[in-house]
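See below for the structure under consideration.
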Amino acid sequence: MSKEVRVRFAPSPTGPLHIGGVRTALYNYLFARKMGGKFLLRIEDTDQMRFVPGAEKYIQESLAWLGISADESPWKPGDCGPYRQSERKADYMQYALDLVEAGHAYYAFDTSEELEAMRERLTAARVVQPQYNSITRTQMKNSLTLPAEEVKERLASGDPYVIRVKIPRKEEVRLNDMIRGWVMVHSSTLDDKVLMKSDGMPTYHLANIVDDHLMGITHVIRGEEWLPSAPLHVLLYKFFGWEDTMPQFAHLPLLLKPNGNGKLSKRDGDKLGFPVFPINWENQETGETAAGFREQGYLPDAFVNFLAFLGWNPGDDRELFSLEELVDAFSVERIGKSGTKFDIEKAKWYNEQYLRAKSDQELANYIIEDASKEGVELVQEVAVKAAGLTKGRVTFPRDLWNESKFLFVPLTSFDEDVAAKKWNGDAVKVLTHYSIAITNFEGTFDAETAKTMLGDSAEAEGIKIGKVMQAVRLAVTGSGAGPDLMEVFAILGAKEVSNRIQFALNTLPVIA
RNA sequence: GGUCCGUUCGUCUAGGGGUUAGGACGCAUCCCUUUCACGGAUGAAACACGGGUUCGAUUCCCGUACGGACUACCA
């Protein structure tokens, strides 16, 4: 009987959460639910310089929109709080000190200028890897090179210092990644990463190990950009003596730019013409804004479904999955290894699928809302009909109103190309006849009736109905394309159709 | 440069020692439709390359190429 699965999503509040992060959150969530475990959200705000107000709220709102709920978070604390690293600040130093005590870490007093000088010196000496490591640390100012007395004095006098991990000179570090299998790295290629910064805050490397341990995290599912530092993390677990409870790692393939190369970054949104963020973002201080999927008209279910399939698949031909179904079907084994290019067309397709699956009643609300923004008040019943007529032709909810708008507002113009091609004497004859026929029509003007009467008018004029159909559509809708014309007539009603035909007859050029 | 990761249609992917290499998006054609769209059908479209191993490699191994990530007192 293994212990309960506990996973975490640990974003840092440095701006809007980008889509890759959202996917990471999703996979963590799916895994936790699938395994009957817990999904926690931890805010990694150890970088005070990059902290952006509002980013935390953005993360919260984004996940809420998608239905990704955390069992424990800053807003819903469990037994392992606090869930913001800045609020755990006091604890990290002791852990770092324990490492120093055990000889796995040391104080370093080098200034940034000295570090820079070291790198330049090494570069000049053609050292391939100018870094702070088992070789170079012997020439730097740290507690391994300085006399114990001086170290004590510097510490006592408040000299700025960092604590660095002391990477062993020769050691093979292995980890068994759930997605990539065994990964082996030699410690000689690792550097003595800073664990505690001079501002008293831990770096990611220290904080994430300490917190994951303290929070009982069993699986770390994160982006592939963390793979290179994973060996360091494994070493840290070992130094702390936590090997037995070290989480399993799963490094997710990256989300790539659609046009080719490089991982999808925050800046790509504007360039590529589609959002890279879940919801709209606005930085109050800088005025920086970014577009979100939600505001573009993507449905949360569709977006989640789309995102889940970016790097994962169920192993069969099914494509449409609700969040619950994703939970049921999810497994880490079925996550791919290679980077995934982002294809907005597929996202649109998903949105169309989910939109069409909605009832006319539900869709009608979008139409009513959008219409009222333009000062048009619609009754539910008509909006429902309009929704039914147009839902097969749209990608986003807002398209519903755009596609059905012509039903509710007076025509002001006619498509010129269609007019040039289809508006002719025959059409005028039929339309004139039809207009008169229906203007005083008393019965139920349903699609069937409208069609029969139109056929009768054409026959009376001795003209084939098919020849003038496009002109009829043009006269009543102003366009050469649209939903079933007779259904449109039924919604419009005989009176309105007649009026529109009259308007067209008066507006369009008269042709003999 | 170094370390690590990766490579099946344009894209997302299934598959896995012997298959007509399957599906989805997109694209094209046809059908449906008195329009456009939806829907249906069909089609074009892929195992990066070179060596092994093997009776047989897209599949296993090794190289090469290409791509990517990382290489901060950022996460």
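Residue numbering restarts at 1 for every chain, and letters A, B, ... go by the order of the sequence lines.
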[atom1]-based separation of [M] from [N] [nearest Å]:
N	M	atom1	value
B/G39	B/A57	P	43 Å
B/C47	B/A21	C1'	8 Å
B/G15	B/U71	C1'	37 Å
B/C5	B/C62	P	12 Å

Can A/R164 be said to sit on top of A/Y132's aromatic six-ring, NZ or CZ under 6.0 Å from centre and within 45° of the ring axis? yes
Across the strands shown, which category fits [X] at heavy-atom distances under 4.0 angstrom: base, sugar-phosphate, nothing?
X	answer
A/R318	nothing
A/K467	nothing
A/S198	base
A/M184	sugar-phosphate
A/G466	base
A/F309	sugar-phosphate
A/K451	base
A/R50	base
A/D399	nothing
A/I465	base
A/T46	sugar-phosphate
A/V162	base
A/G336	nothing

To the nearest Å, how far apart are [X] [atom1] and [N] [atom2]?
X	N	atom1	atom2	value
A/E319	B/G22	CD	C1'	13 Å
A/I179	B/U13	CD1	C1'	16 Å
A/D191	B/A72	CG	P	7 Å
A/Q353	B/G23	CD	C1'	15 Å
A/F51	B/A75	CZ	P	14 Å
A/D415	B/U35	CG	C1'	12 Å
A/W182	B/U3	CH2	P	22 Å
A/K263	B/A75	NZ	P	14 Å

Counting Watson-Crick and G-U wobble pairs only, both distances under 3.5 Å, name the nucleotide matched with [N], or none.
N	answer
B/C36	none
B/U42	B/A28
B/A65	B/U7
B/C70	B/G2

Of the candidate nucleotides B/U35, B/C73, B/A24, which contains the atom at the shortest distance from the side chain of A/Q470? B/U35
What pair of heavy atoms forms the shortest contact from A/Q470 to A/V418, and how long is it? O-CG1, 4.5 Å
Is a side-chain donor or acceptor of A/K346 paired with a backbone partner of A/L310 at a separation under 3.5 angstrom? no
Compute the centroid of each ring, for A/W281 and then for A/Y58, and state whether the two points are separated by less than 6.0 Å. yes
Ring centroid separation for A/Y298 and A/Y350, is it under 6.0 angstrom? no
Check nucleotides 63-65 of chain B for protein N or O atoms closer than 3.5 Å to its own N or O atoms and list the pairs.
none

Hey, mind stepping through A/D211 and A/Y92 against side chain to side chain donor-acceptor pair (under 3.5 Å) and telling me if it holds? CA-CA 9 Å; A/D211 287 344; A/Y92 301 113; 2.6 Å; yes
Parallel, tilted or perpendicular, judged at 30° and 60°: which one describes the rings of A/F303 and A/F306? tilted
Check RNA chain B against residues 482-490 of chain A and give the residues with a non-hydrogen atom under 4.0 Å, in numerical order. A/G482, A/P483, A/D484
For B/C73, does OP1 or OP2 lie under 4.0 Å from any side-chain N or O of A/S112? no
For nucleotides 28-32 of chain B, give me every protein contact, N/O to N/O, under 3.5 Å, one pair per line with atom names.
none

